Colleague: 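Mind looking over this structure? Questions follow.
What you are looking at is a predicted structure, and each value in this text was computed from that prediction instead of being measured. Numbering of ligands and ligand atoms starts at 1, following listing order.
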Amino acid sequence: MFNKIRPWKNQKNSSTLREKIEKVKKLPVPEHVAIIMDGNGRWAKKRALPRIAGHHEGMKVVRKTTRLASKLGIKTLTLYAFSTENWKRPKNEVEYIMKLPEEFLGTFLPELIEENVQVKMMGYKDQLPVHTLRAIERAIEDTKNNTGLVLNFALNYGSRAEILDAVKQVINDCKSGIMKENELDEKVFSSYLMTSNIADPDLLIRTSGEIRLSNFMLWQLAYTEFWFTEVLWPDFNEDHLLEAIKDFQNRQRRFGGVK
Ligand code: FPP
């Protein structure tokens with residue numbers, strides 16, 4: 001139904017892209033970039049295509065973005081692929097999105113391994129279809145010893161639920177004596193979240209012109225720099241990511257202090 005995707009290793013970097021990458025790498029790049037990939041449905045609607053065509057195109061952009069993030073030396077790329085609220089969508093759309101990890105990893109896992117990418121997932125695994133979870137878990141297992149870019153899929157992820165679960169766990173640990181109440185600080189609380197081994201994002205990107213967080217990493221984004229673009233996710237390309245990073249490099253991060 002949709003165009004075939006060219007394998008990663010067959011994609012040649014144009015010299016101009018290589019030059020742009022080198023230029024951006026002269027200044028510190030964000031270590032953790034998180035992206036709310038929005039606008040797939042509108043992209044499809046504009047072309048009189050079914051919404052799922054937008055998600056399929058969006059999947060190709062995941063691959064392109066991962067590739068560039070890896071080349072830029074970004075340490076972690078977190079992608080919001082499905083929220084705990086997205087189950088409210090039409091059944092066929094949900095089923096289609098749940099097939100994308102298999103398609104993506106079925107095609108690209110060997111290349112991710114070759115590129116030293118480590119796949120991770122954050123979100124509630126229990127409600128995921130078995131085939132989706134199997135594909136993700138296989139990728140996590142096969143890439144667990146890789147030391148390059150961490151590609152962290154937020155799948156069936158919701159930040160309020162994550163925080164509530166962390167609070168409940170803290171209460172349990174205090175009750176059972178594993179932890180004392182006065183030991184609880186921000187660092188300890190962070191270790192109860194799904195991102196326990198992942199630093200907070202330095203840069204958050206949201207595509208499609210929506211200016212909201214949609215229940216995404218509410219705790220972790222406290223001091224993150226935000227970058228919004230009108231570009232719909234399937235149209236997001238290397239230049240947009242480089243533009244976001246250049247913008248980030250011009251920001252003054254003060255973390256509440258003064259410079
Ligand atoms: C939001 O756009 C997008 C999603 C809920 C799904 C995102 C999924 C992908 C980009 C593919 C993920 C790929 C892998 C490998 C897991 P929307 O549908 O809300 O767009 P709209 O606001 O224009 O309707």
Colleague: Establish whether Leu79 and Leu112 are linked, either directly or via other cluster members, by ILVMFWY side-chain heavy-atom contacts under 4.5 Å.
Modeller: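 Linked within one cluster.
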Colleague: Return yes when Ser208 approaches ligand 1 closer than 4.0 angstrom through a heavy atom, no otherwise.
Modeller: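 The answer is no: ligand 1 sits nowhere under 4.0 Å from a heavy atom of Ser208.
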Colleague: Check each heavy atom of Phe82 against ligand 1 and say whether those closer than 4.0 Å belong to the side chain, the backbone, both or neither.
Modeller: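 No part of Phe82 comes within reach of ligand 1.
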Colleague: Within 45 degrees of the ring normal and closer than 6.0 Å to the centroid, is that where the cationic atom of Arg47 sits relative to Trp43?
Modeller: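 Judged by the rule, Arg47 and Trp43 form a cation-pi pair.
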Colleague: Tell me the protein heavy atom at minimum distance from atom 9 (C) of ligand 1, and give that distance in Å.
Modeller: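 Protein heavy atom with the smallest distance to atom 9 (C) of ligand 1: Asn40 ND2, 3.8 Å.
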Colleague: Return the option from Ile36, Leu155, Leu100, Leu151 holding the heavy atom at the smallest distance from atom 11 (C) of ligand 1.
Modeller: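 Shortest heavy-atom distance from atom 11 (C) of ligand 1: Leu100.
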Colleague: Could an N or O of ligand 1 be found under 3.5 Å from any N or O of Asp38, whether backbone or side chain?
Modeller: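 Checking ligand 1 against Asp38, an N or O pair does fall under 3.5 Å apart.
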Colleague: Which residue owns the protein heavy atom closest to atom 22 (O) of ligand 1, what's the atom, and how far is it?
Modeller: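 Protein heavy atom at minimum distance: Arg42 NH2, 2.9 Å.
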Colleague: Test your reading of the model: is there a side-chain donor-acceptor pair from Asp38 to the backbone of Ser208, 3.5 Å cut-off?
Modeller: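 Such a contact is absent between Asp38 side chain and Ser208 backbone.
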Colleague: Would you mind listing which atoms of ligand 1 come within a distance below 4.0 Å of any non-hydrogen atom of Trp233?
Modeller: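 Ligand 1 atoms under the 4.0 Å threshold to Trp233: 10 (C).
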Colleague: Please report which non-hydrogen protein atom sits nearest to atom 4 (C) of ligand 1, along with the residue it belongs to and the distance in Å to one decimal place.
Modeller: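 Closest protein heavy atom to atom 4 (C) of ligand 1: His55 CE1, 3.8 Å.
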Colleague: Can you measure from CZ (Phe236) to CD (Glu243) and round to the nearest 0.5 angstrom?
Modeller: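 Rounded to the nearest 0.5 Å, the CZ-CD separation comes to 9.0 Å.
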Colleague: Where the side chain of Glu162 meets the backbone of Met194, is there a donor-acceptor pair that is under 3.5 Å apart?
Modeller: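 Pair found, side chain donor or acceptor close to backbone of Met194.
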Colleague: Among all protein heavy atoms, pick the one closest to atom 5 (C) of ligand 1 and tell me residue, atom and distance.
Modeller: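 For atom 5 (C) of ligand 1, the nearest protein heavy atom is Asn86 OD1, 3.7 Å.
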Colleague: Okay, side chain of Lys25, backbone of Lys71: is any donor-acceptor separation there less than 3.5 Å?
Modeller: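 Yes: the side chain of Lys25 pairs with the backbone of Lys71.
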Colleague: Just to confirm my output: which protein heavy-atom neighbour is closest to atom 3 (C) of ligand 1, and how far is it?
Modeller: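 It is Met37 O, 3.2 Å.
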Colleague: Can you tell me which residue and heavy atom of the protein come closest to atom 19 (O) of ligand 1, and the distance to 0.1 Å?
Modeller: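 Of every protein heavy atom, Arg89 NH2, 2.7 Å lies nearest to atom 19 (O) of ligand 1.
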Colleague: Output yes when the distance from some N or O of ligand 1 to some N or O of Gly41 is under 3.5 Å, and no in every other case.
Modeller: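 Such a contact does occur with ligand 1.
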Colleague: Which heavy atom of the protein is the closest neighbour of atom 24 (O) of ligand 1, given with residue, atom name and distance?
Modeller: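 Closest protein heavy atom to atom 24 (O) of ligand 1: Arg51 NH1, 3.0 Å.
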Colleague: Which residue and atom name correspond to the protein heavy atom nearest atom 13 (C) of ligand 1, and how close is it?
Modeller: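 It is Val62 CG2, 4.0 Å.
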Colleague: Between OG of Ser70 and CG of Leu151, what distance do you get to the nearest 0.5 Å?
Modeller: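 Spacing of OG (Ser70) from CG (Leu151) equals 10.0 Å.
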Colleague: Return yes if some donor-acceptor pair links the side-chain N/O of Ser196 with the main-chain N/O of Tyr192 below 3.5 Å, else return no.
Modeller: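 Between the backbone of Tyr192 and the side chain of Ser196 there is no qualifying donor-acceptor contact (under 3.5 Å).
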Colleague: Same cluster for Leu218 and Met37 if Ile/Leu/Val/Met/Phe/Trp/Tyr side chains link at under 4.5 Å?
Modeller: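 Not linked; separate clusters.
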